[in-house]
**Student:** 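Pasting in a structure now, in structure tokens, and then I'll have a few things to ask.
So you know, we letter chains A, B, ... as the sequences are listed, proteins then strands, and number each from 1.
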There are 4 protein chains.
Amino acid sequence: MNSNDKTNPLWGGRFKGKADETALKFSASVDLDKRLYKEDIEGSIVYAMALKEAKVITQKDYSQIKKGLLAISKSIENGKFHWDVNLEDVHMNIESALQKKIGKAAKKLHTGRSRNDQVATDLRLFLMRKIDLILHEISSTQKRITKLAKKYHEAIMPGLTHTQIAQPITFGHHLLAWNEMLERDYSRFKEVRKRASILPLGSSALSGNSYGLDREKMAKRLGFDSASNNSMDSVSDRDYVVEFLSAASLLGIHLSRINEELILWSSSQFNYIELSEEFCTGSSIMPQKKNPDIAELLRGGSSKPISYLMGILSLMKNLPLSYNRDLQEDKHFLFNGIDYCLSSLEIFSLMIQSLKPNLNQMKNDCEKGHITATELADYLVSKGMAFRAAHKKTGEIVADADNENLQLHELSLDKLKKRCKLIEEDVFECLIPENALKLRDSKGGTSPKEVLKQIKRIERDLKKRAI
Amino acid sequence: MNSNDKTNPLWGGRFKGKADETALKFSASVDLDKRLYKEDIEGSIVYAMALKEAKVITQKDYSQIKKGLLAISKSIENGKFHWDVNLEDVHMNIESALQKKIGKAAKKLHTGRSRNDQVATDLRLFLMRKIDLILHEISSTQKRITKLAKKYHEAIMPGLTHTQIAQPITFGHHLLAWNEMLERDYSRFKEVRKRASILPLGSSALSGNSYGLDREKMAKRLGFDSASNNSMDSVSDRDYVVEFLSAASLLGIHLSRINEELILWSSSQFNYIELSEEFCTGSSIMPQKKNPDIAELLRGGSSKPISYLMGILSLMKNLPLSYNRDLQEDKHFLFNGIDYCLSSLEIFSLMIQSLKPNLNQMKNDCEKGHITATELADYLVSKGMAFRAAHKKTGEIVADADNENLQLHELSLDKLKKRCKLIEEDVFECLIPENALKLRDSKGGTSPKEVLKQIKRIERDLKKRAI
Amino acid sequence: MNSNDKTNPLWGGRFKGKADETALKFSASVDLDKRLYKEDIEGSIVYAMALKEAKVITQKDYSQIKKGLLAISKSIENGKFHWDVNLEDVHMNIESALQKKIGKAAKKLHTGRSRNDQVATDLRLFLMRKIDLILHEISSTQKRITKLAKKYHEAIMPGLTHTQIAQPITFGHHLLAWNEMLERDYSRFKEVRKRASILPLGSSALSGNSYGLDREKMAKRLGFDSASNNSMDSVSDRDYVVEFLSAASLLGIHLSRINEELILWSSSQFNYIELSEEFCTGSSIMPQKKNPDIAELLRGGSSKPISYLMGILSLMKNLPLSYNRDLQEDKHFLFNGIDYCLSSLEIFSLMIQSLKPNLNQMKNDCEKGHITATELADYLVSKGMAFRAAHKKTGEIVADADNENLQLHELSLDKLKKRCKLIEEDVFECLIPENALKLRDSKGGTSPKEVLKQIKRIERDLKKRAI
Amino acid sequence: MNSNDKTNPLWGGRFKGKADETALKFSASVDLDKRLYKEDIEGSIVYAMALKEAKVITQKDYSQIKKGLLAISKSIENGKFHWDVNLEDVHMNIESALQKKIGKAAKKLHTGRSRNDQVATDLRLFLMRKIDLILHEISSTQKRITKLAKKYHEAIMPGLTHTQIAQPITFGHHLLAWNEMLERDYSRFKEVRKRASILPLGSSALSGNSYGLDREKMAKRLGFDSASNNSMDSVSDRDYVVEFLSAASLLGIHLSRINEELILWSSSQFNYIELSEEFCTGSSIMPQKKNPDIAELLRGGSSKPISYLMGILSLMKNLPLSYNRDLQEDKHFLFNGIDYCLSSLEIFSLMIQSLKPNLNQMKNDCEKGHITATELADYLVSKGMAFRAAHKKTGEIVADADNENLQLHELSLDKLKKRCKLIEEDVFECLIPENALKLRDSKGGTSPKEVLKQIKRIERDLKKRAI
């Protein structure tokens, strides 16, 4: 054993001493970045092919490299690969294993390549693939929501603003609002993927490649849209991580809002829905409890992508070009963010399926909060009053009703007429919540007919997605 | 004076007492949201036209409303409009003024409309227009950077990784990395604009419109791509604010990175550039100081959009649908974020123009840091050595040079040969930094020829932008 | 007019050209930092006194400076002072005005001082004073909460975990939980104040003072605990801004949680409290609405200190010592954070006063959710069963009750006995929520007696505070 | 096996079906919270003792419970304990194991206790202990910094403001600025610990304990300062997590600033320090590179506590009292934050030890940047000129020097006199950087004497710490 025994044999030529053990442990990233092994190996194979085509290595070199790498890939999959923290990262672990396996040809693989362009390539490719999974999960969640919306497209419930009863809506209509939120998530993740799909490979350490490699061909082979335009930017850029975590944060915001509603609705005081026992847990002390734990975890969980987004932003701020080791932490934030998206969507999608509305309670609450006061104002408008005056008049009638502890529709015609002579017997028709529903039939409105129309459109759109 | 004298006359019908003064001051948003007046008025005119076409109001009503609103718009522009904090917000101030100006017809304007869909419309429209300005500023900054890059496409300087001298690059190449960063900003803001371009108007409070308004026609007239699909989502959604602030944060990150470089480069120790005195300031105590204040403010300023992004995310988390008054704070974050982008881009673009590189110092520093060590390794590869072995060998040679306090190219051929017999006289050619530049000619590389090619492409792309 | 007409006359000696107009506007901070004028002037007077005592200036110089500064202070207070953006900041505006007023003596004031130590002094002093106001507001809010708690220390209501009915508590007990949160805020702000109370003045630009000034004497005169230990740290440090904004964020978190409860409780579905009309607003379209706007703004408002905290953290990260112009942005975050605390506490304190619980509804809801299931388990424990077994048994009884749509106490003794022979007639005593209350009498428990005891302690503690 | 086979046997009494597998996996926290096992067990033993003293369990029960728990503790330490994800968390795993081990007595342990007060107790105790370790690491880092400062208390170097050469300082003085930053960290963590040291145990689910347990005695036995004042607050509060992560973020900011300086200083352009090879790594492609990777990781790593702080803040916002399952995520942020502090301090402390300044380069750079311009102004003041006039005059002299590409001290006396007649031969004394150092002898100044005085004080202070 020589004095270099702890110095990385792949870059340690100029180093005299050993690395500090604590420093090695502190700086090694292999525990985290080994998740990139598949992309690392595929990238290396394509890179080797480019080296071969540029006549930097021979056909034989290439064949050996490819075969060796595929064998390593298999051994990693089988859990037989030995990851060595002394070799720092996934790249050095694999290159070192390749060297052991095939000898000299392995030493040619890194010609003209740097870990700077290599890791950026791995990371982008990994992200692209994970986004594909996320897109799939979003679609499947949207399908389940839409199915539920179809079932309940006529089910009346109180619509809230300011957590106060506002106007009647249908449960289906409310569910479609959730679908719209996820629809935007879908479109955002697609765009993140698009901007991630630029190949850094061939940028080398920072200044570009001198071996005449065909970078566009490599891009195509690895499934990227194109090769990058500037080698310095290629190794410095982590915009795609920020963009992904921003999209993930918005997904999180949506899940937090939806699950806040589920939690409210499943309280005794609301009692609008029943969550399946499968997604609830009990209390260690209170024997009666059935708590909406999954919904709470989904609400709270959105703090994670937000935290990772803050992390990557503060990581990147003030960093001069080009590669700095600070960037190693990008994986901590990105991988956690990806895991958040996939696991949250999976469980949310399952839970939604089993959601049971308490239609009676929802309907009964439409008797509260003078829910058709706006209809009364609109009624007065139809009788010729200007809206602002009708609003004022209705406000006064509501105050009357409150004074007598009645709901609007419980006031007598006499009482109503006393406040406003325009009011006739037909007013009571307009105070029926179900009638109010039907009128809201403009695009995006809550009328069951319009809700159904939107569902049809969504079904068509979802079908078109090639997933 | 009646007892209602402090209650908002536009919604106060059911209220008995006066509002609390402190509460009024605390909750009023008009100081902030009056910036939306133009969009509010345009939205109201288009809304009135739709009411007219749906026969809710008469042609005469419409004409009066339009004329009145245009007069109000003019009076605001002229600074003659009296904003009343008791009327809470921009919407109520304008509606109230309209009422004073044209009487009864004004009271019909809000028929079927809520401030919930109104403010969402104003905000989106405002944002779309501000994004257009931002896109323009980005393009103009890109043009200036590209012009500079053209001028210095051959100027050699040390490229850094880890803030350590790595390989030679050209100053033009470095500048093009900045251009790529801004290019992504441009594309992101365009997409934010696209997703913002969905009309909420006609969604009413939350449940949609019952007056048969043609929402797609309104969308077209106001310059939106289409009307929204779900009325609840329309009044609840603020994704576009988050998306904008995320794009703004990335712009900020880019400016912080670039200005970190400018600050480093203008230190005495680097001395790579001279910032024009116009963008520097002195010290109140140290008479000799010429500080890169603008660059520092641009570096530090990026903490602002990041803070606003975190603000809007934590604002939205856990909010149940649909409208909640919490959303009022969106404007605090959004307006500040918009102002940040516009003012930062303007000053940065100006400052860049006046930047003067110290070409000698840059060139001299290419004598440091064994800058062509990679070339030596590549040289050994060209002589048949595998790259990894060549890397190791070069590392040892570097260690030799360090021991003698020499740079690589200052070692004698004898010394070099002693370490490696493959080395010949021609090695010194490859140790000249300028030669190294030329070889990096793959797509995105630093060779002057490739840099020029990229510049031509960028110039074409920028010309295509219709701005 | 000379060529220097736009260059700052106070530091512009070495500058040839004029400053760029846009740059001046971009970098000037006077619009923001003029809020520091009082502290700036007091600091200058104390500094001048120290200069006099060190014999750097004469008694006459000092008298002139003091008199001039006091006159400027008065003119600022009266709104008669002309702030000039060309003079950049509050410091230069005041020094320049002093020069105009008293001539040569003014030119001696900045001897040995830098804006670096000057602004840090102003900022700390300003913060210390604002914290005093915040402490006062917290105390007064605590008093109001405690008063309310006293009034309702016996009022029963359902205590929630997971937003599910858990166990009975008293409204007074719940209010005391809020008091504890504010108590911690109080103690945190006090500590922030303590660490802010270190005087930077006399640190000069970064390397300390060479005029023999007595820094501890200056500290004492300005109300600081002591002078700082290291001059470089003094001008670089902004920990106190971060600490303050962290304390402000926790205050915000508390207000968001409390107001979330107020919003829930004032929904029709809960109907636990009535917020005074003075703190609610109506809807522009729905005439019946009475929305808890102030509570929503207080809930949403907490996103602001969080955003400022993230702002200052990302501002400070990676900044080398000592002063950098990036630090100018600290004021943006700090001032906004201070304003947030003061205005939120003021309105919250007012609103709390007018809060009216709906005691009947609260009591009625104690009939729901098997609220005394834990008591039943405890009952079984008292009969000799191990708790975990008693928990299980009670769980089964709860399931029985659910099957019959009954509450626990509505089950017949027969039914209960069938499940568990240990149950006797006396079980019904323990199922009465009011009885459960009384038993929770350990420290901090919900029993009215313990609640009253805590109130007495709090009253004593609050009285001790010298405010 | 009955149908309940997957339902938690410890709380599943009322549940009919099995839990969903995905839900179980999603919600289980045991992988994370098993780190609390030691505190959980100690808390349970103390709790059992309190139950015994309150005569809820027998002496024999207590002995069995204690013995059983200690055995479990040992088996966990030895890695022999089987953690079961179906049992959700650390608490249920241990209670369940205890039941298997000692039978019926185990079922009594949870009497009057809830996981709500249990986990809050564990978490606070865990944090208190980890803070003790962090305090120790900070002290030891301070010692190393102070030792270095002592060695270099006279070593001159350019002090920078705005990354521009400002005034001469000593390297020791600069190092003491770092010490002050860490000193504040120390004091902050101590305060966080103090506020964490409040015992929640005995608060039960939310409403307090009905078994007459002596909570203050439990507090004392577990090492807490006192028992909490309000049971609802006790289970809802996570302020201590926020406070800890805020202190951790400030520690992070400090490390990022210090390491930014190390990175700058170890660049070829500055060349002020040499980092030991042990804390550097090479490049996979560039054979000459010796990158300051550890310093970069320390700079970048501070993005982590900032991200966790944002996470916990957004987690807590808007949560109604009392316990909600969202809180489970607190551990994700807290544990990561603790690990960050400990590992960063350890490596930083090691690296600092091996730091070698390049004293010659530092000294040479004191010839640049007109570093004694302030001294020249002060000289003119000593000759009777007012400081502001002296500043202006010096500025003009600097401009002269710049025009001739000279440094201030290289100008001839004639040249100087031409600008200002007050200047005499003795001016050159004051232009010598070393002389400037000595004058800065006020408290906290850079004069070697004052630096040494500060070092003595720090050494005394550090000695006093009982660690």
**Student:** Please determine whether a side-chain nitrogen of the Lys or Arg among A:Lys190 and B:Glu191 lies less than 4.0 Å from a carboxylate oxygen of the Asp or Glu.
**Tutor:**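 Salt bridge: no.
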
**Student:** Find out whether B:Leu439 and A:Tyr211 are in side-chain contact, i.e. whether some heavy atom of one side chain is under 4.5 Å from a heavy atom of the other.
**Tutor:**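 No, every pair of side-chain atoms sits at 4.5 Å or beyond.
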
**Student:** So for A:Ser204, is it side chain, backbone, both, or neither that comes closer than 4.5 Å to the heavy atoms of chain B?
**Tutor:**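 Just the side chain, heavy atoms under 4.5 Å.
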
**Student:** Below 4.5 Å from any heavy atom of chain A, which atoms of B:Gln167 appear? Answer side chain, backbone, both or neither.
**Tutor:**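 Interface part for B:Gln167: both.
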
**Student:** What part of B:Leu309 gets closer than 4.5 Å to chain A, counting heavy atoms only: side chain, backbone, both or neither?
**Tutor:**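 When you check distances to chain A, only side chain atoms of B:Leu309 fall under 4.5 Å.
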
**Student:** Give me the atom names and distance for the closest heavy-atom approach of A:Arg299 to B:Asn318.
**Tutor:**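 Heavy-atom minimum between the residues: CG-OD1, 3.2 Å.
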
**Student:** Of the listed residues (A:Gly208, A:Gly444, A:Ser447), which shares the most heavy-atom pairs with chain B below a 4.5 Å separation?
**Tutor:**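 So the answer, after comparing A:Gly208, A:Gly444, A:Ser447, is A:Gly444.
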
**Student:** Is A:Thr170 in contact with chain B via its backbone, its side chain, both, or neither, using a 4.5 Å heavy-atom distance?
**Tutor:**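 Neither the backbone nor the side chain of A:Thr170 comes within 4.5 Å of chain B.
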
**Student:** Under 4.5 Å heavy-atom distance to chain B, tell me which part of A:Glu183 shows up: side chain, backbone, both or neither.
**Tutor:**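 Neither part.
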
**Student:** For A:Ala177, check side chain to side chain contact (heavy atoms under 4.5 Å, CB included) against everything at least two apart and list the hits.
**Tutor:**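 A:Ala177 satisfies side chain to side chain contact (heavy atoms under 4.5 Å, CB included) with B:Asn230, B:Met232, B:Asp233, B:Leu321 only.
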
**Student:** In terms of heavy-atom proximity below 4.5 Å to chain B, should A:Asn116 be classed as side chain, backbone, both, or neither?
**Tutor:**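 Just the side chain, heavy atoms under 4.5 Å.
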
**Student:** Charged N to carboxylate O below 4.0 Å: is that the case for B:Lys443 and A:Glu216?
**Tutor:**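 The answer is yes: the pair qualifies as a salt bridge.
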
**Student:** Any Lys/Arg nitrogen of B:Asp237 or A:Arg184 sitting under 4.0 Å from an Asp/Glu carboxylate oxygen of the other?
**Tutor:**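 The answer is yes: the pair qualifies as a salt bridge.
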
**Student:** Please name all residues satisfying side chain to side chain contact (heavy atoms under 4.5 Å, CB included) with A:Ser234, sequence neighbours left out, ordered by chain then number.
**Tutor:**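 Partners of A:Ser234 by the side chain to side chain contact (heavy atoms under 4.5 Å, CB included) criterion, ordered by chain and then number, come out as A:Pro200, A:Ser203, A:Ser228.
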
**Student:** Among A:Glu180, A:Arg188, A:Met181, which residue meets the side-chain contact (heavy atoms from CB on, under 4.5 Å) test with B:Asp239?
**Tutor:**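 Among A:Glu180, A:Arg188, A:Met181, the one that satisfies the side-chain contact (heavy atoms from CB on, under 4.5 Å) with B:Asp239 is A:Arg188.
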
**Student:** Of all of A:Ser314, A:Ala373, A:Ser256, A:Ala399, which one pairs up most often with chain B through heavy atoms under 4.5 Å apart?
**Tutor:**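 Top count of heavy-atom pairs under 4.5 Å with chain B: A:Ser256.
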
**Student:** Under 4.5 Å heavy-atom distance to chain B, tell me which part of A:His391 shows up: side chain, backbone, both or neither.
**Tutor:**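 Side chain of A:His391 only, per the 4.5 Å heavy-atom cut-off to chain B.
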
**Student:** Using a 4.5 angstrom heavy-atom cutoff, name the option from A:His110, A:Gln164, A:Arg440, A:Lys317 with the most pairs to chain B.
**Tutor:**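 Option with the greatest count: A:Arg440.
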
**Student:** Pick one of side chain, backbone, both or neither for A:Glu375, based on which atoms fall under 4.5 Å of a heavy atom in chain B.
**Tutor:**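 Neither part.
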
**Student:** Which answer fits A:Ile169, side chain, backbone, both or neither, if we ask what part of it has an atom under 4.5 Å from a heavy atom of chain B?
**Tutor:**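 Contact with chain B involves the side chain of A:Ile169 alone.
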
**Student:** As an exercise: rank A:Lys108, A:Arg215, A:Glu396 by heavy-atom pairs under 4.5 Å with chain B and give me the winner.
**Tutor:**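 Max contact count across the listed options: A:Arg215.
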
**Student:** Is A:Arg325 close to chain B through its backbone or its side chain, or both, or neither, when contacts mean heavy atoms under 4.5 Å?
**Tutor:**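 Answer is both: backbone and side chain atoms of A:Arg325 are under 4.5 Å from chain B.
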
**Student:** Which region of B:Gln99, side chain (C-beta onward) or backbone (N, CA, C, O), has a non-hydrogen atom less than 4.5 Å from a non-hydrogen atom of chain A, or is it both or neither?
**Tutor:**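 Looking at B:Gln99, just its side chain touches chain A.
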
**Student:** With a 4.5 Å cut-off on heavy-atom pairs, point out which of A:His173, A:Lys104, A:Glu260 contacts chain B the most.
**Tutor:**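 Sorted descending by pairs with chain B, the first entry is A:His173.
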
**Student:** Under a 4.5 Å cutoff for heavy-atom pairs, which residue among A:Ile306, A:Val398, A:Leu327 has the most contacts with chain B?
**Tutor:**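 So the answer, after comparing A:Ile306, A:Val398, A:Leu327, is A:Ile306.
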
**Student:** Heavy-atom distances under 4.5 Å only: say whether A:His254 touches chain B with side chain, backbone, both or neither.
**Tutor:**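 For A:His254, the contact with chain B is made by the side chain alone.
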
**Student:** Which atoms of A:Ser187 come close to chain B, meaning under 4.5 Å heavy atom to heavy atom: side chain ones, backbone ones, both, or neither?
**Tutor:**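 A:Ser187 touches chain B through backbone and side-chain heavy atoms alike.
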
**Student:** Select one option (side chain, backbone, both, neither) describing which atoms of B:Asp402 are under 4.5 Å from chain A's heavy atoms.
**Tutor:**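 Just its side chain gets close to chain A.
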
